[in-house]
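Note that these values count all heavy atoms, side chains included, but never hydrogens, waters or copies made by symmetry. Residue numbers begin at 1 in each chain, while the letters A, B, ... track the order of the sequences. Please read these numbers as outputs of a predicted model, since none were measured by experiment.
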Amino acid sequence: MRTLIKHILASTEPGDSITVKGWVRTRRDSKGFSFLELNDGSCLANLQVVVDAGTPGSEHITRLVTGASAVVEGKLVPSPAQGQKWELRASRVELIGTADAAYPLQKKGHTPEFLRTIAHLRPRSNLFGAIFRLRSRLAFAVHQFFQERDFVYVHTPIITGSDCEGAGEMFRVTSLKGNIDEKPEADFFGKKTYLTVSGQLEGEAFACALSNIYTFGPTFRAENSNTARHAAEFWMIEPEMAFCDLQGDMDLGEAFIKAMAQHALEHCGEDLALFAKFVDKGVHERLKFVVERPFVRVPYTEAIGILKQSGRQFEFPVEYGLNLQSEHERFLTEEYAKSPATVFNYPREIKPFYMRLNEDGKTVTAMDILVPGIGEVIGGAQREERLDQLLDNMKYQKLNPDDYAWYADLRRYGTVPHAGFGLGFERLLMFLTGVSNIRDVIPFARTPGNAEF
RNA sequence: UCCAGAGUAGCUCAAUGGUAGAGCGUCCGGCUGUUAACCGGAAUGUUGCAGGUUCGAGCCCUGCCUCUGGAGCCA
């Protein structure tokens with residue numbers, strides 16, 4: 001039976017007849033025997049295997065090169081040399097698949113840019129193995145966080161028929177050939193359909209029945225964004241809470257980010273250490289800081305005042321009614337707050353129709369959580385639960401109420417105050433790892449002009 | 001989409017307008033309980049693509065492509 005290397009390395013005592021299966025990272029030959037470094041992806045560390053000349057299978061030792069796959073049986077013994085606690089003394093080696101001289105991964109470090117061009121092989125590198133193990137672990141943490149709080153996981157549709165959610169450009173889904181706009185009624189769904197840009201509206205429907213829900217799934221934006229923080233396909237987490245206001249929403253967002261940082265520190269130590277070494281020296285301090293310190297909360301109007309009085313020359317103007325630019329967000333979180341910052345109560349005119357109008361008639365119950373280095377990771381709001389006001393908001397934003405009839409029904413029948421937010425999973429991962437390009441925290445990135453693999 | 005920078009060996013990078021190189025990797029040999037081992041030797045190029053200037057272009061000019069950083073849009 002196969003044992004994963006992470007379990008072998010965690011052993012407290014030696015063992016007989018252990019079987020490992022994995023890929024050779026490097027081989028060092030000595031007179032009469034060889035060292036193999038075997039990795040199976042279960043952890044960052046390799047297992048050192050000692051293969052004596054004459055061991056069954058060792059006749060193929062020269063083909064057990066970097067990148068080759070192998071099965072090894074042997075005894076786990078304490079290593080007599082420095083550098084590792086355990087080593088496997090092989091009693092049998094089986095070459096499964098060799099790798100020729102063209103195998104592109106060297107023992108030396110590669111740049112993430114180069115590894116991106118071989119996305120099918122990069123999970124075999126230390127860095128990307130670590131990133132994707134952490135991604136998996138954090139996906140688990142997301143579910144754990146919400147399930148422990150009695151949130152119900154809702155699978156919102158990926159194909160959607162509403163063409164005006166206002167969250168960005170959408171990808172068209174069609175089975176038509178030729179001119180796809182000519183007869184939408186002849187299309188597969190009998191109307192124009194798109195890949196979802198957000199599960200929020202559907203999430204609200206379920207929150208208005210199951211109380212607390214969350215979604216966690218792929219989301220698509222057809223925007224021609226060419227930055228290190230945008231992808232055309234990304235994973236979004238969207239909780240929605242019935243009987244909840246903006247305060248509760250901000251509390252949840254803050255608790256969530258803290259919980260994710262805490263989880264990474266507790267469960268991803270070995271991989272975090274690699275990020276600290278090669279990606280971001282301060283990753284541990286940053287995560288601890290986020291866990292320990294309360295986030296700073298600033299109303300939008302106050303944020304504008306802070307920016308104006310900062311004495312700082314900004315490239316973009318700071319004025320009430322204008323969106324905060326990257327440079328403004330960066331100042332607020334990195335220099336003013338020196339911690340994550342939550343900005344709330346934004347002007348009505350720069351936010352979508354579904355956000356709740358405040359008593360002042362000018363601002364809405366929106367909130368953004370900004371983190372140092374990344375900018376916005378959470379955008380959320382208390383939703384407008386008053387039917388009349390919702391319809392008024394649609395008119396204000398020049399939207400057609402017919403397109404949102406079912407959404408308005410949620411206010412027509414048993415409406416409740418409710419709130420939620422959206423969080424980009426990849427941006428969270430960037431924050432937790434220090435990795436600066438979104439293409440490097442998603443297995444196969446989809447960006448403008450790039451759908452390789 | 002806009003601004004800036006960069007494309008040279010498998011990778012990371014050198015190369016006054018004048019014969020295209022190094023380190024690593026690869027291959028061959030040696031040495032060693034080794035640790036991104038070490039020592040010696042060898043092979044490896046349409047200098048991103050297409051034009052232009054010049055006696056001569058990796059280098060200068062024009063267009064295109066790709067990548068990187070920043071910006072916008074956002075998560």
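Using atom C1' as the reference point in both rA42(B) and rA50(B), the two lie 37 Å apart (nearest Å). Rounded to whole Å, the C1' atom of rC49(B) lies 23 Å from the corresponding atom of rC11(B). Taking atom P in both rA6(B) and rU16(B), the straight-line distance is 15 Å, to the nearest Å. rC13(B) and rG52(B) have their C1' atoms separated by 29 Å, with the value rounded to a whole Å. Distance noted for atom C1' between rU12(B) and rA4(B): 23 Å (whole Å). A gap of 24 Å separates the P atoms of rG5(B) and rC73(B), to the nearest Å. Here the separation of rC59(B) from rU46(B), taken at their P atoms, is 16 Å to the nearest Å. rG25(B) and rA37(B) have their C1' atoms separated by 15 Å, with the value rounded to a whole Å.
Nearest to the side chain of D29(A), among rC11(B), rU32(B), rG72(B), sits rU32(B). Nearest nucleotide to the side chain of N437(A), out of rU34(B), rG69(B), rU26(B): rG69(B). Listed nucleotides: rC67(B), rC74(B), rG33(B). Nearest to the side chain of R116(A): rC67(B). Candidate nucleotides rA71(B), rG33(B), rC74(B) were compared by shortest atom distance to the side chain of N226(A), and rA71(B) ranks first. In the set rC74(B), rG70(B), rU1(B), rC74(B) carries the atom at the smallest distance from any side-chain atom of N323(A). Of the candidates rA37(B), rA71(B), rU32(B), the closest approach to any side-chain atom of S326(A) belongs to rA71(B). Residue Q84(A) places its side chain closer to rU35(B) than to any other of rA71(B), rU35(B), rU32(B). Of the listed nucleotides (rA37(B), rA71(B), rU32(B)), rA71(B) has the atom at the smallest distance from the side chain of T227(A). For R330(A), taking side-chain heavy atoms from C-beta onward, the closest of the listed nucleotides rG33(B), rG70(B), rC73(B) is rG70(B).
A303(A) and V298(A) make their closest contact through N-CG1, 3.6 Å (heavy atoms, listed as atom of the first residue, atom of the second, distance). Minimum interatomic distance between F453(A) and T117(A) (heavy atoms only, all atoms of both residues): CZ-O, 3.6 Å. Taking each heavy atom of V197(A) and R221(A) in turn, the nearest pair found is O-NH2, 2.6 Å. Closest approach of V51(A) and A90(A) over heavy atoms only: CG2-CB, 4.1 Å.
Note on T26(A): only backbone sugar-phosphate atoms sit closer than 4.0 angstrom, heavy atoms only; bases stay farther off. Contacts of A81(A) with the nucleic acid, taken as non-hydrogen atoms under 4.0 Å apart, include base atoms. Among the heavy atoms of the strands, none lies under 4.0 Å from G375(A). Among the atoms of the strands shown, base atoms are found under 4.0 Å from some heavy atom of Q48(A). Using a 4.0 Å heavy-atom criterion, one finds that Y103(A) contacts no nucleic acid atom at all. Among the protein residues, H110(A) comes within range of the sugar-phosphate backbone only, with heavy atoms under 4.0 Å from sugar or phosphate atoms but none that close to a base. Heavy atoms of F234(A) sit under 4.0 angstrom from at least one base atom. As judged by a 4.0 angstrom heavy-atom cut-off over every strand, R27(A) is placed among residues making no nucleic acid contact. Using a 4.0 Å heavy-atom distance criterion, P80(A) is classed as a base contact. In this structure, S79(A) reaches the bases: a heavy-atom distance under 4.0 Å links it to at least one base atom across the strands shown. When heavy atoms are screened at a 4.0 angstrom cut-off, E87(A) is found touching base atoms of the nucleic acid.
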- prompt: ring pair (Phe, Tyr, Trp, His ring centres under 6.0 Å) between F146(A) and F256(A): does it pass, once the steps are laid out?
  reply: CA-CA 9 Å; F146(A) 288 116; F256(A) 179 78; 5.4 Å; yes
Derivation of the side-chain hydrogen bond (donor to acceptor under 3.5 Å, both in side chains) call for Y354(A) and Q397(A): CA-CA 10 Å; Y354(A) 52 73; Q397(A) 308 268 5; over 6 Å; no
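Using Watson-Crick or G-U wobble geometry with both donor-acceptor distances under 3.5 Å, rA4(B) finds its partner in rU68(B). In this structure rU62(B) sits in a base pair with rA50(B), meeting the Watson-Crick or G-U test at under 3.5 Å.
Relative to the ring axis of Y396(A), R348(A) places its NZ or CZ within 45° and under 6.0 Å from the centre. A cation-pi arrangement is absent between R116(A) and F128(A), since the terminal nitrogen or guanidinium carbon is not both under 6.0 Å from the aromatic centre and inside a 45° cone about the axis.
At rU12(B), one or more side-chain N or O atoms of T111(A) fall inside 4.0 Å of OP1 or OP2 (strictly under the cut-off). Put simply, K31(A) has a side-chain N or O that comes within less than 4.0 Å of OP1 or OP2 on rC31(B). For R221(A), no side-chain nitrogen or oxygen approaches OP1 or OP2 of rC74(B) to under 4.0 Å. Between Q325(A) and rA71(B) there is no side-chain polar atom (N or O) within less than 4.0 angstrom of OP1 or OP2.
Residue-to-nucleotide contacts include no donor-acceptor pair under 3.5 Å from the side chain of R229(A) to the base of rG72(B).
Atom-to-atom, CD of E329(A) to P of rC74(B) comes out at 11 Å; the value is rounded to the nearest Å.
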